[in-house]
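Below is one structure, written out as structure tokens, with a few remarks after it.
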2 protein chains.
Amino acid sequence: MGVNLKDIAQRAGVSLATVSNVVNGYRPVGERTRQRVQQAIDELGYSPNLGARHLRRGRTGLIALAVPELTNPYFAELAEIAIAEAAGLGYTLVMENTAADRETELALLAGSRRHIIDGLILSPVRIGREEVLARTSGGPLVLIGEGVHDVPHDHIAIDNVAASQAAIQHLVEIGRRRIAFIGAAGGDRQSAHLRMRGYRDALASYSLPFRSELVARTDEFSRLEGMRTMRDLLALDDPPDAVFAYNDLIAIGAFRALAEAGCRVPEDVAVVGIDDIEEGRFSSPTLTTIAPDKEEIGRLAVRRLVARIEGTEVAAPLTVQTPFRLVRRESTGTPGG
Amino acid sequence: MGVNLKDIAQRAGVSLATVSNVVNGYRPVGERTRQRVQQAIDELGYSPNLGARHLRRGRTGLIALAVPELTNPYFAELAEIAIAEAAGLGYTLVMENTAADRETELALLAGSRRHIIDGLILSPVRIGREEVLARTSGGPLVLIGEGVHDVPHDHIAIDNVAASQAAIQHLVEIGRRRIAFIGAAGGDRQSAHLRMRGYRDALASYSLPFRSELVARTDEFSRLEGMRTMRDLLALDDPPDAVFAYNDLIAIGAFRALAEAGCRVPEDVAVVGIDDIEEGRFSSPTLTTIAPDKEEIGRLAVRRLVARIEGTEVAAPLTVQTPFRLVRRESTGTPGG
DNA sequence: GCGCGGCTCTATAACGTTATACAGGCGATG
DNA sequence: CATCGCCTGTATAACGTTATAGAGCCGCGC
């Protein structure tokens with residue numbers, strides 16, 4: 001554990017500063033001395049003490065990715081991508097679990113980790129524009145996903161309204177007319193508002209009536225809530241012939257309720273989700289979904305954050321809408337079926 | 001961020017050391033001064049610079065949980081528990097993704113993060129006893145899951161042989177005789193060996209023949225591999241009437257192959273997995289599984305690691321076998337059905 | 001009156017690194 | 001030949017904290 005710069009300096013017969021320069025190339029070092037130092041480093045197996053380095057530099061080399069739930073496969077898949085990208089840029093990514101808790105999100109935003117992390121990628125669900133604007137310090141911040149717009153931070157998301165419209169368009173094209181929406185906003189969750197708006201707009205553009213009984217609110221976006229609300233929808237006098245779910249987890253919960261009720265998918269009820277989690281590629285039936293470009297979102301978020309941290313990016317905050325595509329699977333009938 | 005010990009000291013009119021003592025109580029401070037200092041802290045909103053503190057103390061307050069894949073819900077669920085437990089003990093838990101890569105596991109073991117983390121919880125899959133024994137430094141280590149036994153480190157796992165036996169027993173009790181096993185060891189993965197052993201032993205104890213054509217090897221333990229190998233099993237002249245899968249993901253992949261082949265579960269083929277991931281509670285059919293006590297594993301791993309780090313635990317390394325239970329669901333028929 | 005122990009508090013040296021200021025040598029320039 | 005600048009390398013002051021040694025004060029016993 002204990003081999004440090006001084007040990008190397010002694011061994012190579014040079015000063016501390018020279019060793020430091022060899023290690024991180026802040027200033028040029030003559031070829032002969034560089035070799036001597038490098039040899040000493042190799043022999044003694046030196047690796048810099050990051051704590052000390054970062055105390056000096058004022059940076060820790062850690063960035064955080066805060067998501068509402070680690071157990072949502074969408075975020076797990078995103079995290080894997082972001083971790084790899086961060087590692088490639090020399091950073092370590094720390095996962096934070098906000099548990100969709102407003103206080104936790106606020107604390108993170110205010111910089112509760114400010115001495116630990118250099119920057120934060122946040123997927124907000126319980127806070128909005130005002131809270132983000134009120135933030136005065138805490139280092140660079142990149143927002144991902146929906147929820148907060150028009151704030152002075154880099155922001156990466158898909159176009160939720162368009163995504164919803166694409167889903168509804170698909171359902172209409174396969175002949176569905178009574179289309180339900182599961183996952184309406186439980187108050188302050190703007191992402192749900194956006195997807196709801198896309199749902200309404202699309203219905204209107206196809207001259208389909210908006211029926212409030214076909215809109216199901218959920219407190220959280222889980223399989224369990226999807227199952228519960230789907231049961232309610234099936235209990236209607238005139239149940240829906242299609243369901244658009246806020247996300248894939250809800251859709252899979254809906255599958256469960258449909259299976260228990262003996263409804264066939266897609267014959268009786270077609271289902272579309274959003275997220276394209278791997279689970280939906282193996283469920284029975286497989287799940288038609290709107291697939292965001294997770295690679296792009298994860299990598300871009302990390303790259304923008306690192307650019308801000310290192311000061312190489314000073315341009316105005318950027319809002320990026322990453323592409324999405326509709327992936328047809330069994331839950332809406334196979335193409336040509 | 002800028003408000004540090006010195007600022008507080010000036011404001012309260014005392015020395016640096018006194019403020020430090022108020023903050024972390026290393027030595028007693030008079031009541032009157034303590035109050036003055038506390039007031040200054042509150043007014044200026046001081047929070048200690050963890051980098052500096054840890055440089056001085058030689059600890060960082062970070063621990064890592066290294067798992068083979070973040071996107072495996074079992075590990076995501078475990079991580080959520082471990083993160084909460086670590087936070088309660090004043091530590092921040094960093095997730096590391098080994099991607100089931102031998103080199104990554106070795107690097108982590110050797111202490112590639114030694115200046116960043118105080119200790120490591122590792123779920124090894126590509127390294128074995130010798131590699132762990134060869135380790136000379138790198139701070140406290142707690143092993144979870146299977147794979148490595150008889151090493152001088154705390155180790156938390158379920159009894160894999162017994163778990164497998166319980167699964168087989170259940171399948172036998174519901175009348176199955178041709179029981180396949182998916183997820184045999186692809187070489188060095190000892191966990192698969194153990195589950196395989198439980199499978200063999202259980203078959204023997206029920207006087208059932210061991211048929212090698214009913215054992216499917218997989219390179220990784222994913223839904224995709226489960227689907228592929230299940231297809232192969234169904235192509236046999238005399239296909240199995242039950243499948244015991246290495247884990248739930250494989251079982252769910254097998255579901256997919258069974259659905260595509262038009263096989264009914266559990267009527268034609270019964271399926272049992274291990275892990276009890278939430279996905280299996282909503283799949284169609286729902287998945288019978290061996291449920292490890294994830295709460296216990298996650299919390300115990302963190303507690304043991306922290307105890308080692310803080311030196312409060314000096315007893316010999318402990319191997320804990322946490323309990324498991326069989327959870328009956330549709331994939332083996334409902335109780336009494 | 002002097003020394004001694006107990007109680008608060010202070011001064012300060014680390015921890016391991018990086019960035020700044022500076023020193024010496026040497027070739028090029030005026 | 002003196003001056004300037006470049007090139008290497010060194011010495012050292014931070015970064016913000018904690019632990020150690022010790023300073024001042026007070027009361028008590030000899």
Side-chain angles (χ1 to χ4, degrees), chain A residues 1-38 40-41 44-62 90 111 113-118 139 310-311, chain B residues 1-38 40-41 44-62 90 111 113-118 139 310-311:
Chain A
M1 286 301 302
V3 41
N4 56 15
L5 273 192
K6 193 159 60 176
D7 299 334
I8 305 295
Q10 279 177 1
R11 176 100 168 199
V14 296
S15 76
L16 270 181
T18 301
V19 181
S20 174
N21 284 329
V22 169
V23 171
N24 58 71
Y26 172 67
R27 297 224 335 217
V29 175
E31 189 49 34
R32 262 172 48 88
T33 32
R34 140 163 282 120
Q35 282 179 6
R36 271 219 318 285
V37 170
Q38 190 57 54
I41 289 177
L44 270 59
Y46 166 76
S47 76
N49 180 319
L50 298 175
R53 163 178 291 178
H54 295 137
L55 167 61
R56 186 58 236 245
R57 283 195 180 152
R59 294 204 227 120
T60 66
L62 261 50
R113 287 264 188 269
R114 69 172 167 274
H115 290 305
I116 290 192
I117 60 169
D118 295 336
E310 298 182 347
Chain B
M1 288 299 304
V3 40
N4 56 15
L5 273 193
K6 193 159 60 177
D7 299 334
I8 305 294
Q10 278 177 359
R11 175 104 169 195
V14 297
S15 76
L16 271 180
T18 301
V19 181
S20 175
N21 284 329
V22 169
V23 172
N24 58 70
Y26 171 66
R27 297 225 336 217
V29 175
E31 189 49 33
R32 262 172 48 87
T33 33
R34 140 163 282 121
Q35 281 179 4
R36 270 217 319 284
V37 170
Q38 190 58 53
I41 289 177
L44 271 59
Y46 166 77
S47 75
N49 180 318
L50 298 176
R53 162 178 290 178
H54 295 137
L55 167 60
R56 187 57 235 250
R57 283 192 179 156
R59 292 203 230 123
T60 66
L62 263 51
R113 288 264 188 269
R114 70 171 167 275
H115 290 305
I116 289 192
I117 60 168
D118 295 336
E310 299 182 345

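All chains are named by letter (A, B, ...) in the order of the sequence lines, taking the proteins before the strands, and each is independently numbered beginning at 1. Everything quoted here is computed from the prediction, not taken from an experiment.
- Partners of Gln10(B) under the side chain to side chain donor-acceptor pair (under 3.5 Å) rule, at least two apart in sequence or in another chain, do not exist in this structure.
- With sequence neighbours excluded, the residues satisfying side-chain contact (heavy atoms from CB on, under 4.5 Å) with Ala17(B) are Ser15(B).
- Minimum atom distance to the side chain of Tyr26(A) is reached by dA19(C), of the listed dT10(D), dA19(C), dT18(C).
- Proximity of Val29(A) to Val37(A): side-chain heavy atoms (C-beta onward) are nowhere separated by under 4.5 Å.
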What donor-acceptor contacts under 3.5 angstrom involve side-chain atoms of residues 49-56 of chain B, with partners at least two apart or in another chain?
unit_1: Asn49(B); atom_1: OD1; unit_2: Gly51(B); atom_2: N; d: 2.8
unit_1: Asn49(B); atom_1: OD1; unit_2: Ala52(B); atom_2: N; d: 3.0
unit_1: His54(B); atom_1: ND1; unit_2: Leu50(B); atom_2: O; d: 2.8
unit_1: His54(B); atom_1: ND1; unit_2: Thr60(B); atom_2: O; d: 2.9

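- Near-neighbour residues of DNA chain D inside residues 48-60 of chain A, defined by a heavy atom below 4.0 Å, number-ordered: Leu55(A), Arg56(A).
- A straight line from CG of Asp7(B) to P of dG16(D) spans 9 Å, rounded to a whole angstrom.
- Remark: Ser15(B) is not in phosphate contact with dA11(C), judged by side-chain N or O atoms under 4.0 Å from OP1 or OP2.
- Of the candidates dT10(C), dT17(C), dT12(C), the closest approach to any side-chain atom of Leu5(A) belongs to dT17(C).
- To the nearest angstrom, P of dG16(C) lies 17 Å from CG of Asn24(A).
- Side-chain contact between Tyr46(A) and Val19(A): absent, with no pair of heavy atoms (C-beta onward) separated by less than 4.5 Å.
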All N/O contacts under 3.5 Å from nucleotides 22-24 of chain D to the protein, with atom names and distances to one decimal?
unit_1: dG22(D); atom_1: O6; unit_2: Arg27(B); atom_2: NH2; d: 3.1

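- Contacts of Arg113(A) classified as side-chain contact (heavy atoms from CB on, under 4.5 Å), with partners at least two apart in sequence or in another chain: Glu96(A), Leu108(A), Ile116(A), Ile117(A), Thr92(B).
- Taking the side chain as every heavy atom from C-beta outward, His115(B) and Pro48(A) never approach each other to under 4.5 Å.
- Residue Lys6(A) contributes atom NZ, which lies 14 Å from atom P of dT12(D) at whole-angstrom precision.
- Shown here are the side-chain contact (heavy atoms from CB on, under 4.5 Å) partners of Gln38(A), two or more places apart in sequence or in another chain: Val22(A), Ile41(A), Asp42(A).
- A sub-4.0 Å separation between OP1 or OP2 of dT17(C) and a side-chain N or O of Ser20(A) is absent.
- For Gln10(A) and dT10(D), the CD to C1' distance is 15 Å, given to the nearest whole Å.
- Residues that satisfy the side-chain contact (heavy atoms from CB on, under 4.5 Å) test with Arg59(A), not counting sequence neighbours, are Tyr91(A), Asp118(A), Ile309(A), Glu310(A).
- Remark: Val29(A), Gly30(A), Thr33(A) in residues 29-36 of chain A come within less than 4.0 Å of DNA chain D through at least one heavy atom.
- Computed from coordinates, the Leu16(A) CG to dC15(D) P distance equals 19 Å when rounded to whole Å.
- Asn21(A) comes within 4.0 angstrom of nothing in the nucleic acid, heavy atoms only.
- Considering only heavy atoms from C-beta on, Asn4(B) comes within 4.5 Å of Asp7(B) through its side chain.
- Residue pairs satisfying the salt bridge (charged side-chain N to carboxylate O under 4.0 Å, His left out) criterion with at least one member in residues 11-21 of chain B, sequence neighbours excluded, are listed as follows: Arg11(B)-Glu43(B).
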